[in-house]
Amino acid sequence: MDFGLSEEQEMLQETIRGFAQNECPTTRLRELFDEGEGHDPALWSALAEMGIAGLIVPEEHGGAGMEILDLALVAEVLGEFAIPGPFLGHSLAIRGVMLAASAAQQANLLPDLASGEMIATVALQEADAAWAPESWTARVRDGRLTGEKTIVSHAALADRILVGLDGGGLAWVDAKGQGVVIEDLGGIDRTRPVYKVRFEGAPAEVLEGGSGNAWQLVETAAVLLAADAFGSATKLIDLDVAYAMEREQFGQPIAQFQAIKHTVARIGTDIEPARALFWYAAHCQDAIEAEAGRAASVAKAHITDRAMNAARESVELHGGYGFTWECEVQMWFKRIMLDRSLLGTPDQWRERTAVMGEY
Amino acid sequence: MDLEYSAGHQAFRDEVREFLKGWPLKGDEAKRPQEEQEQIFRKRGIEAGYVYRAVPKQYGGSEQPSDAIKDRIIIEEFYAAGAPRDLMSQGAGLMVPTILEFGTEEQKERWIPPALTGEENWCQGYSEPGSGSDLASLQCQARLDGDEWVLNGQKIWTSSAQRAHMMFGLFRSEPDAKKHEGITYLLVPMDAKGIEVRPLREMGGGYEFNEVFFDDVRVPVSNTVGVRGQGWQISRATLVHERNLIGNPNMMREAFSDLLDLARSRTLNGRPANEDAGVRRRLAEIEGYVQTSQLSNMRQFTASNKGKMLEVMRPMMMNKVAGTDTMQMIMKCAYDLLGGDGVIAPTEDELDTWGRKTTSSGWVLQYIFSMGPSIAGGASNIQRNIIGERGYGLPRDLRRTS
């Protein structure tokens, strides 16, 4: 019985944290945020060299062979530093391949993905908030994919797209090939731009491993989004504390007012204990399959909701400055907006929790 | 991370389950009064090494080698079986750990055994009319006269003082010392001459807590726990035990499960309430908090097991306020599910049984009771001060110095 991180896991987080502090401090993040590309090739290749691009890819295919929990721990730190880049979609595409592709397909696809030289993303959600696998309508006929997906992160950057199909299957598509039309949606989170992708008879390879894994993929997404939101919220609390100590009104630091202290305590109490919630949800995907669905539902709903609340409180705590573009709070505020709204809102995941818990 | 139990611990769990087949009692024993039955079974639990594991045998405990995982298995299994284990009373839960840590040999031998069996009940004499959140400002006086303390003053919100044989309390022994330094921790017989207990009626209608008045009450100096003037430091240790009693995640899980049953039994707009989309969302939102508390508790458990307590100081500070807030969420949701039945007052019977949640007015009583833990043992707003100051390093409030 050990509900804690291993030394390797703690070191993994510390390594990425150290890297992020050096290579993407807030000044650099600000530049990337204003550029709005949501990507820095140097940053991505450095992360790939550290093994982050292929973290869960088995070693025989050139990856680090780690677990979903490790992936979620990385997502937490990337959220904490709001690191721009295709980590989310790329990791989910790998997860989809590992869940649904045949052994031959895996041997073919995973090595390029593991090195990070080939960048992939996932296209799951369709219009009208149709994010659950049952509602997907994209279909492959005679090797050609038709359908429309939305809120696809980093579609313009990606080389390949893993697409969710009618009936829960998954297909592999060349994002730069014919029949793929990509439209920038002008996403709010400028560290992770989102696109609409139309497939007009694009050549597609259907993953052969069956169609029963779509929910598992969506649940992995839920866990990674929850972990990212958790990391983002802890960063906001740090910003709140620093600002409250520095900002003076009525002749004293505002941190000395209980209204401010209690705001920090409230959002801290909402966020800090929930670390265990995303750990558990991730660990269930690795080791406790029967609990994985419910745990992912609870983690996505609870953490992204509480993190969004923390973000709104953080803006308020920063006063008029908090409302500006200049204030760094907005970058994490918007990061959490994406974590919360992509692939199911808290209300939708709560209904799923109710179904899985047989209320 | 590995949530599987080792083979040894799994075998231990089986052993505990086997033992628990003895509860409820059978045959003639089952005809005895409930309290006696619990005492009989608790005694067996001590003999088997499952109850009062941290208390030495000579004081009535079972003195087992420290094994936090075994402790957890015992709590889980006894809880699931509804079997009596360590009393969660103020005596066994709060006084005993304090005496074990700070008491003399004579005090341990005299006071611990009857507190463990429940033969002697204890109450806690901390709060005073002018000293609630600012407990260290307490004024209830202890003056040394020969080999006796002479007590004068008043305590308030003293739960179960009317049934208590003894009080452990804080008294000002050095009126000229700084406020945290002039306090002494004393054990006071409740039948001493000069003590008067006056009941206070709670908003729920019952009479569980009291005012206690001291008028030249004489207590032997041998009833001093630890060093004279060090009572404040000693009481901090007790407070940790009290907050742990309050933030129990098993209790939360059970209350949530009762809430689900309530939702299934009520109707809303002509349909079972548990089919209503709004109710379902609200229940799932509460489950988020319940799971968070349980899992955060597991994380703290592992960390303290590995000697990494410092890493979980923040979530530990948050247990009480998170736990009581979640219990309140559960009770608020239950109250709304009652609809119009929520205006019916609890019966005398329900007051006696602390509102078992089988009737709607029992739930009403629980709805009211759920306010209590948010205030007892450090009100939530004080907890938030502690989280802000010690958890996040914010400066202390400006306070007037006297």
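Order of the sequence lines sets the chain letters (A, B, ...), proteins ahead of strands, with each chain counted from 1. Because the structure is a prediction, the values reported are computed rather than measured.
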Segment of B:Ile69 engaging chain A (4.5 angstrom heavy-atom cut-off): side chain
Between chain B and each of A:Asp2, A:Leu277, A:Thr353, count heavy-atom pairs under 4.5 Å; write down the option with the most. A:Asp2
Region of B:Asn381 that comes under 4.5 Å of a non-hydrogen atom in chain A: both
Would you mind checking which part of A:Arg352 comes under 4.5 Å of any heavy atom in chain B, side chain (CB onward), backbone (N, CA, C, O), both or neither? neither
Contact origin within B:Glu4 toward chain A - heavy atom pairs under 4.5 Å: backbone
Using modelled atom types only, decide if a donor and an acceptor are shared between the side chain of B:Arg264 and the backbone of A:Tyr359 within a distance under 3.5 Å. yes
If I measure from the heavy atoms of chain A, does B:Glu311 come under 4.5 Å with its side chain, its backbone, both, or neither? side chain
Answer yes or no: is there a donor N or O on one side and an acceptor on the other, between the side chain of B:Gln291 and the main chain of A:Val298, under 3.5 Å? no
Salt bridge flag under 4.0 Å for residues A:Glu351 and B:Arg280: yes
Heavy-atom pairs under 4.5 Å with chain A - which of B:Met298, B:His9, B:Glu275 has more of them than the others? B:Met298
Can you name the closest pair of heavy atoms from B:Ser296 and A:Ala276 and give their distance? N-CB, 3.6 Å
Mind listing the closest non-hydrogen atom pair of A:Arg350 and B:Arg281 along with its distance? CD-O, 3.5 Å
At a heavy-atom separation under 4.5 Å, does A:Gln252 approach chain B through its side chain, its backbone, both, or neither? side chain
Heavy-atom proximity to chain B below 4.5 Å, by part of A:Asp238: neither
Relative to chain B, which of A:Arg266, A:Arg275, A:Met245, A:Glu67 shows the most heavy atom pairs under 4.5 Å? A:Arg266
Side chain, backbone, both or neither: which part of B:Tyr289 has a non-hydrogen atom closer than 4.5 Å to chain A? both
I'd like to know if A:Glu10 and B:Lys308 make a salt bridge, using a cut-off of under 4.0 Å between side-chain N and carboxylate O. yes
Could you tell me which portion of B:Ala322 (side chain, backbone, both or neither) has an atom closer than 4.5 angstrom to a non-hydrogen atom of chain A? both
Using heavy-atom distances under 4.5 Å, tell me whether A:Ala274 contacts chain B through its side chain, its backbone, both, or neither. both
Closest heavy-atom pair, B:Gly388 versus A:Ala265, reported as atoms and distance to 0.1 Å, is N-CB, 4.2 Å
Non-hydrogen atoms of A:His302 and B:Glu285 that approach each other most closely: ND1-O, 4.4 Å
So, for A:Phe3 and B:Thr302, which heavy atoms are closest and what is the spacing to 0.1 Å? N-OG1, 2.8 Å
Do the side chains of A:Trp279 and B:Leu295 get nearer than 4.5 Å, heavy atoms only? no
A:Arg294 and B:Glu287, any side-chain heavy atoms less than 4.5 Å apart: yes
Within-4.5 Å side-chain heavy-atom neighbours: A:Met1 and B:Phe301: yes
Report the C-alpha separation of B:Asp397 and A:Phe257 in whole Å, then their side-chain angles, then the decisive distance to 0.1 Å, and conclude whether the side chain to side chain contact (heavy atoms under 4.5 Å, CB included) test is met. CA-CA 7 Å; B:Asp397 297 345; A:Phe257 293 108; over 6 Å; no
Check whether B:Leu260 gets within reach of chain A through its side chain, its backbone, both or neither, counting any heavy atom under 4.5 Å. side chain
Atom of B:Tyr392, atom of A:Val241 and distance for their closest heavy-atom approach: O-CG1, 3.7 Å
Given that the side chain runs from C-beta out, which part of A:Ile303 has a heavy atom under 4.5 Å from chain B: side chain, backbone, both or neither? neither
Return yes if some donor-acceptor pair links the side-chain N/O of A:Lys261 with the main-chain N/O of B:Pro395 below 3.5 Å, else return no. yes
